[in-house]
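A quick write-up on the structure given underneath.
Numbers restart at 1 for each chain; the letters A, B, ... are given by sequence-line order, proteins then strands.
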Protein chains: 2
Amino acid sequence: MTVSNRQLRLASRPSGLPEPTDFTVTREPVPEPGNGEFVVEVTHVSIDPAMRGWMNDVRSYLPPVGIGEVMRAGAIGRVAASAHPGFAVGDWVSGFFGVQEYAVSDGHGVRRVDRSVAPLPTHLGALGGTGLTAYFGLFDVGRPGPGDTVVVSGAAGAVGSVAGQLARIHGCRVIGIAGGPDKCRRLVEELRFDAAIDYQNQDVAAELRRLAPGGMDVYFDNVGGDVLDAVLTRLARGARVVICGAISQYNAERVQGPRNYLMLLVARASMTGMLVLDYVDRYPEAIGRLASWLHAGELVAREEVVHGTVEDFVPVLRRLFTGANTGKLVLALDH
Amino acid sequence: MTVSNRQLRLASRPSGLPEPTDFTVTREPVPEPGNGEFVVEVTHVSIDPAMRGWMNDVRSYLPPVGIGEVMRAGAIGRVAASAHPGFAVGDWVSGFFGVQEYAVSDGHGVRRVDRSVAPLPTHLGALGGTGLTAYFGLFDVGRPGPGDTVVVSGAAGAVGSVAGQLARIHGCRVIGIAGGPDKCRRLVEELRFDAAIDYQNQDVAAELRRLAPGGMDVYFDNVGGDVLDAVLTRLARGARVVICGAISQYNAERVQGPRNYLMLLVARASMTGMLVLDYVDRYPEAIGRLASWLHAGELVAREEVVHGTVEDFVPVLRRLFTGANTGKLVLALDH
């Protein structure tokens, strides 16, 4: 193959919101796959809040992306060449292929994608890392019972919108927290949340008190910051707080810790961090259930697909942090 | 009875460290007990960090002490008069009798104290709320396994010193965090902790890295603030953080939330609040085990007993917040 591969490489560690100048675009020839390898033509790149953390040089659940390395990203693509017995040319696959047009893989961590089940972007969203995060975070860490009151922040976002719907499917009362009246309207009308709170224009703690005087049994937190502090004041006895993310803090110079964390003591509540990667053995179970809810119309998956090149990664990523997107954000690569 | 009862009443809500002027001392005649009541002559008042929180007008696990009310306190005393079938004059009892010389009780929440098992102050310490908090916080919330690394802050204090010893008895490796070389020496030499870190003179995170490179499995936190933040950076995968208290924050204008709380996500760890009052049905089980460890010499109970009157409550309480005491602080009332 003599095709050229455009790649986005981390050039410097961002401070605050990532800038295009924090990255460089390089071109190199797409190599032939070695024995046991295959080449993927990347078509869809998953845009996730966690990417911001991967750019920092700190100890975390994955090593930081090195300076000069291709930016890490979950992605979907089609096998374009293969010397691997398990993957044939034309297969659709999902894996950490990075922000680049072609990736070489040995199959490690790669899952097959069935296009007959759902469109490709949905395999990055409700049937991908996003839906899996919501599924395991809610059911395994939050452990709601039917009738419980479940609050989800970042509720119009990729993970939050699925988590809230799963709680509703499970028979819970669901309150979503999102920014702005349009997102809040959508939560109630389209995703059938029981209620929504607009944190930009409403007093979150006061609204929670009004909507659920008995307190929250489960809080699925995607945002951190002031919203987390407000919900902590309204926990029911024995509540479970799921720490899935903290998008309000990822670009902060100094993380704002939850000042109301002692409400965990008052409520005998817990706050637990979760990572979807720990549940890889159970992905098939979860994807099967998510797909059946999707097909039954119980679960609404919405993706926001932006077409562009690897050079559009930074402006698309920034949409996450300005609250511009609803649903799963996907960069579809024009080759 | 025409005996007079000196009582300490909350006069105003303290801001920061409580001052003597936040309280008034009143005298009133000790009443005759009504039917089903008894009068306790209070001999020992338990001095606890949680008392600071009870003075604030905020929602918590118990209502705040009202202005003009006798200051709430766990205490021990002797029944001086009784019209209750279950309590006879001369019985030694423990309960929330308050900072006063005599208390009238209907027996609710009152436990009998067996002086043959241990001296009276120990029934407020290792065999009282202190030991029970350590027992249930460690075993039920922290859930260490033998061989686990357990870190305890406020380790020279009442609850911390028992929690660390229980972890040692359970077969864990125990690291205590305390203020100053004297307390640290005592943790290792007298209480047989495996190691101690002096947070006033050492870098807590660096010492934890050195002493336990594999990270902490359980962290029993009594202090909050910077020490909590340091330990959060050293959690092992799946670690349990027990939020028992936050003495560094009780007098703060604004609580310092744990800025490193996202390490819960990195470590897939949990942070859980606990209150001993939830375990009242299991107190006999715990007291039995604590007493047997005490008699076997496995558990060392140390109390610091200060003799005085109800007027000495504030200066004695302040010792907790200046780190002056080691072990359980008790005010023995001179009548």
Side-chain angles (χ1 to χ4, degrees), chain A residues 49-50 53 56 58-62 133 136-137 140-141 205 209 215 221-222 224-226 228-229 232-235 237-250 252-279, chain B residues 49-50 53 56 58-62 133 136-137 140-141 205 209 215 221-222 224-226 228-229 232-235 237-250 252-279:
Chain A
N56 294 336
V58 294
R59 182 173 87 93
S60 190
Y61 57 96
L62 287 173
T133 299
F136 293 110
D140 278 67
V141 184
R209 195 179 310 119
D221 188 33
N222 294 300
D226 291 339
L228 172 56
D229 263 329
L232 284 174
T233 66
R234 301 301 311 157
L235 298 181
R237 179 98 166 253
R240 285 82 64 199
V241 176
V242 183
I243 300 295
C244 178
I247 198 167
S248 74
Q249 303 299 309
Y250 289 162
E253 280 284 303
R254 191 176 167 81
V255 169
Q256 175 184 327
R259 293 194 187 93
N260 294 331
Y261 84 106
L262 289 171
M263 298 308 284
L264 295 176
L265 193 155
V266 172
R268 293 79 141 177
S270 64
M271 184 185 274
T272 306
M274 70 86 52
L275 267 184
V276 70
L277 302 173
D278 293 340
Y279 299 90
Chain B
N56 294 335
V58 294
R59 183 173 87 93
S60 190
Y61 56 96
L62 286 175
T133 299
F136 292 110
D140 278 68
V141 184
R209 195 179 308 117
D221 189 32
N222 294 300
D226 291 338
L228 172 55
D229 263 330
L232 284 173
T233 66
R234 302 301 310 157
L235 297 181
R237 179 96 166 256
R240 285 83 62 200
V241 176
V242 183
I243 300 296
C244 177
I247 198 168
S248 74
Q249 303 299 308
Y250 290 160
E253 279 285 301
R254 192 175 165 83
V255 168
Q256 174 184 327
R259 295 195 186 92
N260 294 331
Y261 84 106
L262 289 171
M263 298 307 284
L264 294 176
L265 193 155
V266 172
R268 292 79 140 176
S270 65
M271 183 185 274
T272 306
M274 71 85 53
L275 267 185
V276 71
L277 302 173
D278 293 340
Y279 300 90

Quiz: residues 255-263 of chain A side-chain donor-acceptor pairs under 3.5 angstrom, not counting sequence neighbours:
| unit_1 | atom_1 | unit_2 | atom_2 | d |
| --- | --- | --- | --- | --- |
| A/Gln256 | NE2 | A/Asp226 | OD1 | 2.8 |
| A/Asn260 | ND2 | A/Asp229 | O | 2.9 |

Grab the two heavy atoms, one from B/Cys244 and one from A/Leu265, that are nearest each other, plus how far apart they are. O-CD1, 3.3 Å
Taking side chain as everything from C-beta outward and backbone as N, CA, C, O, which of these in B/Leu228 sits under 4.5 Å from a heavy atom of chain A? Side chain, backbone, both or neither. side chain
Name all pairs fulfilling the side-chain hydrogen bond (donor to acceptor under 3.5 Å, both in side chains) condition that reach into residues 263-279 of chain B, sequence neighbours left out, sorted by first residue then second. A/Arg237-B/Asp278, A/Arg268-B/Asp278, A/Asp278-B/Arg268
Largest heavy-atom contact set with chain B, pairs under 4.5 Å, which of A/Arg59, A/Met274, A/Arg240: A/Arg59
